[in-house]
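What follows is a short report on a single structure.
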Protein chains: 2
Amino acid sequence: MARTDQTQAAVLGALSVLPMTGYALRQEIRDTLGHFWSESFGQIYPALAELERRGLVERRGGDRTGSSTFAITAAGTARLRELLAEPAQPAPPRNPLLLRLFFGRQLGPDACRALVLDARSRAEEQLARMAAVRREPADDPASTADRPYWLLTVSAGEHAARAQLAWADEALAALDELRSDDGADRPPSSRPTPEEHP
Amino acid sequence: MARTDQTQAAVLGALSVLPMTGYALRQEIRDTLGHFWSESFGQIYPALAELERRGLVERRGGDRTGSSTFAITAAGTARLRELLAEPAQPAPPRNPLLLRLFFGRQLGPDACRALVLDARSRAEEQLARMAAVRREPADDPASTADRPYWLLTVSAGEHAARAQLAWADEALAALDELRSDDGADRPPSSRPTPEEHP
DNA sequence: CCTTTTGCTATCTGGCAGATACATCTATCA
DNA sequence: TGATAGATGTATCTGCCAGATAGCAAAAGG
């Protein structure tokens with residue numbers, strides 16, 4: 001899965017749990033895989049069409065406009081295992097928050113503080129979401145076999161969120177330090193304007 | 001910066017530290033911003049052309065083939081501040097490792113273990129890279145003012161890597177548990193084949 | 001009966017990564 | 001000198017993908 005067919009794997013995986021319409025697929029992916037995966041309609045519908053064409057997925061219900069449910073086929077399950085077995089290539093990183101902080105001197109400590117505080121509250125929200133998922137009972141007997149694996153991803157989300165919180169507090173302290181250093185030089189309201197090199 | 005112009009911000013930011021050629025830009029972004037950002041040539045060159053067209057960047061040296069160095073202009077610095085000030089929209093998550101673990105029952109505990117071990121070693125490498133960056137002396141006097149901000153991103157990388165390590169160890173233990181549970185039911189070499197729902 | 005809302009399907013634009021191609025400039029050995 | 005290789009440097013093309021947009025149908029509600 002060299003950075004391609006990722007959508008197909010996610011769609012097949014979701015359908016391996018339960019047959020769904022394209023719309024429900026999107027809801028399910030957003031709600032259940034939301035903390036580590038996302039898909040857009042622009043990806044899901046072409047993927048479903050392609051999967052149907054290749055016999056990996058079967059369309060139930062009206063094939064004309066209206067709700068039609070898709071179910072995974074035996075060939076689809078085999079294909080899913082194939083896709084999951086391919087090495088997990090980490091996507092090239094792109095963290096807009098860290099980009100801003102890296103060039104933070106252009107913004108000044110106060111604006112950076114606001115950015116970090118924002119990230120901090122997002123991490124707290126994620127931690128709360130993970131706790132809510134943990135509290136959900138494993139009522140569906142079909143999902144009990146999957147649950148231990150799901151909990152692995154929940155745990156990953158928790159570790160990441162807690163790390164983000166710890167980092168944010170550390171960063172806030174460091175930014176306060178910077179701010180008071182600046183304050184010794186010039187009035188605190190003025191934004192630092194670094195020199196050019198033309 | 002609603003998920004657009006991200007490349008321009010990164011390019012302007014890099015040029016705000018030092019004038020460079022497109023090639024050096026790519027090297028610098030890979031080496032210095034590598035743990036939280038990436039750019040490809042296919043983005044950098046069009047971005048430079050567009051920035052030059054808008055007068056935010058200035059081409060020094062031969063404008064025909066060969067090395068031409070780009071420097072940020074005053075307007076470019078202003079534009080950089082503008083871009084950095086826009087809210088940091090987190091990109092939609094896409095974690096191929098967690099996708100595989102979520103549907104891990106299709107793979108079996110052993111394959112999942114291998115995936116987690118791989119991620120663990122990548123986290124260890126990142127931790128070592130961050131330690132190396134910290135050891136680098138702040139010899140360049142022009143960069144001393146930027147350094148506290150850079151260290152914020154290094155710290156973020158360290159926290160994330162350590163969290164990944166802790167999670168990996170926890171996950172490995174959980175997967176071992178799963179493996180021994182399975183072993184009670186069926187021979188350990190057979191892959192679990194979950195039921196379909198056709 | 002009309003209007004709004006929600007469920008659902010689909011398309012289009014543009015950002016972006018990765019592969020590829022090619023040209024120039026060293027450097028090292030023949 | 002010449003040749004080969006490797007680093008430097010510029011550029012384009014393909015295809016994945018997110019997000020915006022738009023068109024319907026059925027239900028709800030007035």
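A note on names: the letters A, B, ... follow the listed sequences, proteins ahead of strands, and every chain is numbered from 1.
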Original post:
Between A/Arg94 and C/dC16, is there a side-chain N or O to OP1/OP2 distance below 4.0 Å?
Top reply: yes
Original post:
Between B/Ser38 and C/dA17, is there a side-chain N or O to OP1/OP2 distance below 4.0 Å?
Top reply: yes
Subject >> C/dT9 phosphate, OP1 or OP2, under 4.0 Å from A/Tyr45 side-chain N/O >> reply: yes
Original post:
How is B/Gly42 classified with respect to the nucleic acid when contacts are heavy atoms under 4.0 Å: base, sugar-phosphate, or nothing?
Top reply: base
**OP:** Return the value, rounded to whole Å, for the distance between atom CZ of B/Arg60 and atom P of D/dG9.
**Re:** 17 Å
**OP:** May I ask you to decide whether B/Arg79 forms a salt bridge with B/Glu82, counting only side-chain N to carboxylate O separations under 4.0 Å?
**Re:** yes
**OP:** Step through the shown structure and confirm whether more than 12 heavy atoms of other residues, nucleotides or ligands are within 6.0 Å of CZ on A/Arg30.
**Re:** no
Subject >> Length of the line joining B/Ile44:CD1 and C/dG15:C1', which is rounded to integer Å >> reply: 15 Å
Subject >> Whole-Å distance separating the CD atom of B/Gln43 from the P atom of C/dG14 >> reply: 14 Å
Original post:
Which part of the nucleic acid, if any, lies within contact of B/Thr21, taking any heavy atom under 4.0 Å across all strands shown: a base, the sugar-phosphate backbone alone, or nothing?
Top reply: sugar-phosphate
Original post:
Whole-Å distance between D/dT8 P and B/Arg30 CZ?
Top reply: 12 Å
Original post:
Roughly how many Å is it from CG in A/Leu48 to C1' in C/dA10, rounded to a whole number?
Top reply: 12 Å
Original post:
Rounded to whole angstroms, how far apart are CZ on B/Phe41 and C1' on D/dT10?
Top reply: 9 Å
Original post:
Which whole-number value in Å describes the distance from B/Glu50 CD to D/dA11 P?
Top reply: 15 Å
Original post:
More 5' along DNA chain D: B/Pro46 or A/Gln8, using each one's nearest nucleotide?
Top reply: B/Pro46
Original post:
Do A/Thr7 and B/Arg94 have side-chain N/O donor and acceptor atoms under 3.5 Å apart?
Top reply: yes
Original post:
When the ring planes of B/Trp150 and A/Phe102 are compared, do they come out parallel, tilted or perpendicular, using 30° and 60° as the limits?
Top reply: parallel
Original post:
Are any of A/Thr7's side-chain N or O atoms less than 4.0 Å away from OP1 or OP2 of D/dC16?
Top reply: no
**OP:** In whole angstrom, give the distance that lies between atom CD of A/Glu39 and atom P of D/dC17.
**Re:** 7 Å
**OP:** Please determine if B/Asp176 and B/Arg179 form a salt bridge, counting it only when a charged side-chain N lies under 4.0 Å from a carboxylate O.
**Re:** yes
Original post:
Considering only D/dC17, D/dA18, C/dT9, which nucleotide approaches the side chain of A/Tyr23 most closely?
Top reply: C/dT9
